[in-house]
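Only one structure is covered here, and it is reproduced in the block below.
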Amino acid sequence: MSKFIIQGGKKLEGKVKISGSKNAALPIIAATILNKGKTTLYNVPKIQDVSTMFEILKEIGGKVTKKNNKVIIDTSNIHKFKIPETLMRQMRSSVILAGALLGRYKEARFSYPGGCDIGSRPIDLHLKAFEKLGIELEEEYGEISCHAERIVGNEINLDFPSVGATENIILTSVMCEGKTIITNAAKEPEIEDLSKMLNKMGAKIKGAGTDKIEIIGVKKLAETSYNIMPDRIEAGTYLVIGAVSGGNITITNINLEHIKPVVDKLEEANCKLEKGKNFIKIIAPRRLKGVDIKTMPYPGFPTDMQAIFGAMLSTAKGTSIITENIFENRYKYLQELSRMGVKAKIEGRTAIIKGTKKIQGANVIATDLRGGAAMIVEALYAKGITQIDNIHYILRGYENIEDKLKKIGANITLEK
Ligand code: EPZ
């Protein structure tokens, strides 16, 4: 398994250009199935999860051509409606393809994505929504077959503002009969990005980014090209790296609105931030101040930044309390970080982190994507050398992370 070797304690300075958003790219790639033809995408991040999505598209008959900074996806010849189980297991979020296949063919078969490192991650909200749209579900040995003679718009209220369920309803209903209204919809910016791209293809979606989304079914969607929004979690990750490394880092190609909750918390922790139109510069304080974090659906503090902040707060002055309200098991990274001297106590959904300067390099193993990023943050702060194993988790969601870190002065090497 590949690993990162990081020599910590170095002041990091320089510029980081933020890549396209993983969590916008994945549903947008699924949405290309809805148009029987070509879609050209720009700013697609070169990360493992996107490669997996491309693998699935090719497996079911799609064609993916990469040219310089664009990707051309041709879904004219898709002829299979079963998402391969191995690829489903590699990436839970491939369940989003079900909505796209249903939207175009009224047919989809997939296996239960299964839980993962951060929680059970059920898909009951997706399945209940499919049924409300007139789709019949059959489940056998962990495989779900979806089929509908007609898909008819309906009113769907989500028990929880699930990002994936909101996206799947949009994908299933953009070309169905009648109108669909989603209430208690997720408001994440990635849903707005998906909706902007679909509307460019001729869809009629209103209200994306709010908790009420209205979709009026259209007959067909046309070819288009689309530029994917910047990754707000990658942006937050590099801001935190700037905060712990005592230096100053400028991140470019970002949407400031999307990272407001994270920026507010960094300012509360004594960081100085200079904001421009589409860049932000962080100047780290001599010592960070502990702050309390509660993860919430957007526009609250993002759960995907929880682990990364947990690492940062472990080096701050004072005690910080983190409450993880979205996933039930998103503290596994703290066990690993305790090997480096992190002092944390977990009580249910709460983690109490006592800040300390005594953080030493150690051998740790990445537990999941954002937990792995947290280990990089800790390692860049620590005195001495840290080895991070299982970095495939990290490479799922961070484009060129080794090069980007080297460019701002980090001493990091990837060992195959
Ligand atoms: C998306 O996951 C993101 N992934 C996650 O990012 C992110 O953490 C999450 O939204 C929340 O913001 C992608 O966009 C590819 P949810 P998703 O459905 O759609 C429960 C990362 O690190 N739930 O909003 O799976 C669920 O168990 C990843 O980039 C149900 O109970 O998240 C969880 O507790 C990790 N039933 C909560 O809702 C359902 O049918 C939020 O899940 C669906 C979800």
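We use all heavy atoms of the structure for the numbers below, so side chains are in, but hydrogens, waters and symmetry mates are not.
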TODO: Test side-chain contact (heavy atoms from CB on, under 4.5 Å) on Ile322 and Ile352 and set out the steps.
DONE: CA-CA 6 Å; Ile322 297 183; Ile352 298 143; over 6 Å; no

- [ ] Could you please spell out the steps behind the salt bridge (charged side-chain N to carboxylate O under 4.0 Å, His left out) verdict for Lys345 and Glu347?
- [x] CA-CA 7 Å; Lys345 205 151 132 317; Glu347 285 166 10; 2.4 Å; yes

TODO: Given salt bridge (charged side-chain N to carboxylate O under 4.0 Å, His left out), test Asp231 with Lys22 step by step and report yes or no.
DONE: CA-CA 7 Å; Asp231 193 312; Lys22 166 177 91 77; over 6 Å; no

Task: Lys67/Lys70 under side-chain contact (heavy atoms from CB on, under 4.5 Å): CA gap, chis, key distance, verdict - done: CA-CA 5 Å; Lys67 258 193 211 134; Lys70 66 184 178 191; 4.1 Å; yes

Open item on the list: Let's go through Leu414 and Lys416 carefully: what are the C-alpha distance in whole Å and the side-chain angles of both, what is the deciding distance for side-chain contact (heavy atoms from CB on, under 4.5 Å) to 0.1 Å, and is it a yes or a no?
Closed with: CA-CA 6 Å; Leu414 186 148; Lys416 292 264 177 222; 4.0 Å; yes

Open item on the list: Is there a salt bridge (charged side-chain N to carboxylate O under 4.0 Å, His left out) between Glu190 and Arg232? Walk through the geometry before answering.
Closed with: CA-CA 10 Å; Glu190 293 76 18; Arg232 61 191 170 100; 2.7 Å; yes

Task: Stepwise side-chain contact (heavy atoms from CB on, under 4.5 Å) check, Leu266 with Leu288 - done: CA-CA 9 Å; Leu266 286 167; Leu288 286 156; 5.7 Å; no

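With Asn154 contributing its side chain and Lys132 its backbone, the two residues share a donor-acceptor pair below 3.5 Å. In this structure, Asn400 contributes its side chain and Asp403 its backbone to no donor-acceptor pair below 3.5 Å. Panel note: side chain Glu85, backbone Leu87; no donor-acceptor pair is recorded below 3.5 Å. Between the side chain of Glu223 and the main chain of Lys38, a donor-acceptor pair closer than 3.5 Å is present. In this structure, the side chain of Thr350 does not engage the main chain of Ile346 through any donor-acceptor pair within 3.5 Å. Of the possible polar contacts, one joining the Asn325 side chain to the Thr295 backbone as a donor-acceptor pair under 3.5 Å is found. For Thr166 (side chain) and Ser162 (main-chain N/O), a donor-acceptor pair under 3.5 Å exists by modelled atom type. Side chain of Asn184 to main chain of Leu158: a donor-acceptor pair is present (N/O by atom type, distance under 3.5 Å, no hydrogens or angles). The backbone N or O of Glu324 lies less than 3.5 Å from a partner atom in the side chain of Tyr331, making a donor-acceptor pair. Distance alone, capped at 3.5 Å, is enough to place a donor-acceptor pair between the Lys265 side chain and the Asp292 backbone.
Looking at Glu257 and Lys260, no side-chain N of the basic residue comes within less than 4.0 Å of a carboxylate O on the acidic one, giving no salt bridge. One finds a salt bridge joining Asp49 and Arg396 here, because a Lys/Arg side-chain nitrogen approaches an Asp/Glu carboxylate oxygen to under 4.0 Å. Salt-bridge check for Glu267 with Lys275: passed, with a basic side-chain N closer than 4.0 Å to an acidic carboxylate O. In summary, Asp159 and Lys128 engage in a salt bridge, as defined by a charged side-chain N under 4.0 Å from a carboxylate O. The pair Glu177-Lys219 does not count as a salt bridge, with every side-chain nitrogen at least 4.0 angstrom from each carboxylate oxygen. Taking a cutoff of 4.0 Å between a charged side-chain nitrogen and a carboxylate oxygen, Lys204 and Glu214 do not qualify as a salt bridge.
Around atom CZ of Arg349, more than 12 heavy atoms belonging to other residues, nucleotides or ligands sit under 6.0 Å away. Heavy atoms from other residues, nucleotides or ligands lying under 6.0 Å from NZ of Lys82 number more than 12. Heavy atoms of other residues, nucleotides or ligands lying less than 6.0 angstrom from NZ of Lys354 number 12 at most. Within a 6.0 Å radius of CD in Glu143, other residues, nucleotides and ligands contribute more than 12 heavy atoms. Within a 6.0 Å sphere centred on NZ of Lys63, other residues, nucleotides and ligands contribute 12 heavy atoms or fewer. Around the NZ atom of Lys406, the shell of radius 6.0 Å holds more than 12 heavy atoms that belong to other residues, nucleotides or ligands.
Inter-residue side-chain proximity for Cys271 and Leu273 is flagged as met; some heavy-atom pair is nearer than 4.5 Å. Thr252 has its side chain out of reach of Ile18: every pair of non-hydrogen atoms, C-beta onward, lies at least 4.5 Å apart. At least one side-chain heavy atom of Ile191 sits less than 4.5 Å from a side-chain heavy atom of Ile213. A 4.5 Å side-chain heavy-atom check between Ile233 and Met305 finds at least one atom pair inside the cut-off. Side-chain contact between Pro189 and Asp193 is absent, with no heavy atoms from C-beta onward closer than 4.5 Å. The side-chain heavy atoms of Leu133 and Ile156, taken from C-beta on, include a pair separated by under 4.5 Å.
The closest side-chain donor-acceptor pair between Asn43 and Tyr226, if any, does not fall under 3.5 angstrom. Between the side chains of Thr183 and Glu155, not a single donor N or O lies within less than 3.5 Å of an accepting N or O. Between the side chains of Arg89 and Tyr112, not a single donor N or O lies within less than 3.5 Å of an accepting N or O. Inspection of the Lys404 and Ser19 side chains reveals an N or O donor paired with an N or O acceptor under 3.5 Å. No hydrogens or angles considered: nothing links the side chains of Arg370 and Thr303 as a donor-acceptor pair under 3.5 Å. One side chain, Asn248 or Glu13, offers a donor N or O that lies under 3.5 Å from an acceptor on the other. With no hydrogens or angles considered, a side-chain donor-acceptor pair links Thr52 and Gln48 at under 3.5 Å. In the model, Ser21 has no side-chain atom that pairs as donor or acceptor with a side-chain atom of Asn23 under 3.5 Å. Looking only at atom types and distance, the side chain of Glu138 has no donor-acceptor partner in the side chain of Ser145 under 3.5 Å away. Judged purely by distance below 3.5 Å, without hydrogens or angles, the side chains of Asp389 and Gln387 pair a donor atom with an acceptor atom.
Below 30°, between 30° and 60°, or above 60°: for Tyr238 and Tyr398 the angle between ring planes is above 60°, a perpendicular geometry.
Distance check, rounded to the nearest 0.5 Å: OG1 of Thr172 to CD1 of Ile135 gives 5.0 Å. Summarising the geometry, atom CG belonging to Asn329 is positioned 6.0 Å from atom NZ belonging to Lys332; distances are rounded to the nearest 0.5 Å. With rounding to the nearest 0.5 angstrom, the NZ atom of Lys17 is 4.5 Å from the CG atom of Asn253. In this structure, CD1 on Ile205 lies 12.0 Å from NZ on Lys196, to the nearest 0.5 angstrom. Here CG of Leu395 is found 7.0 Å from OG of Ser2. Values are rounded to the nearest 0.5 Å. For the atom pair Asn77 CG and Ile60 CD1, the distance stands at 11.5 Å (nearest 0.5 Å).
Heavy-atom minimum distance, Ala374 versus Ala311: O-CB, 3.3 Å.
Partner of Tyr333 under the side-chain contact (heavy atoms from CB on, under 4.5 Å) criterion, chosen from Ile365, Val342, Thr367: Thr367. Residue Ile28 forms a side-chain contact (heavy atoms from CB on, under 4.5 Å) with just one option from Ile73, Leu198, Leu194, Thr39, and that option is Leu194.
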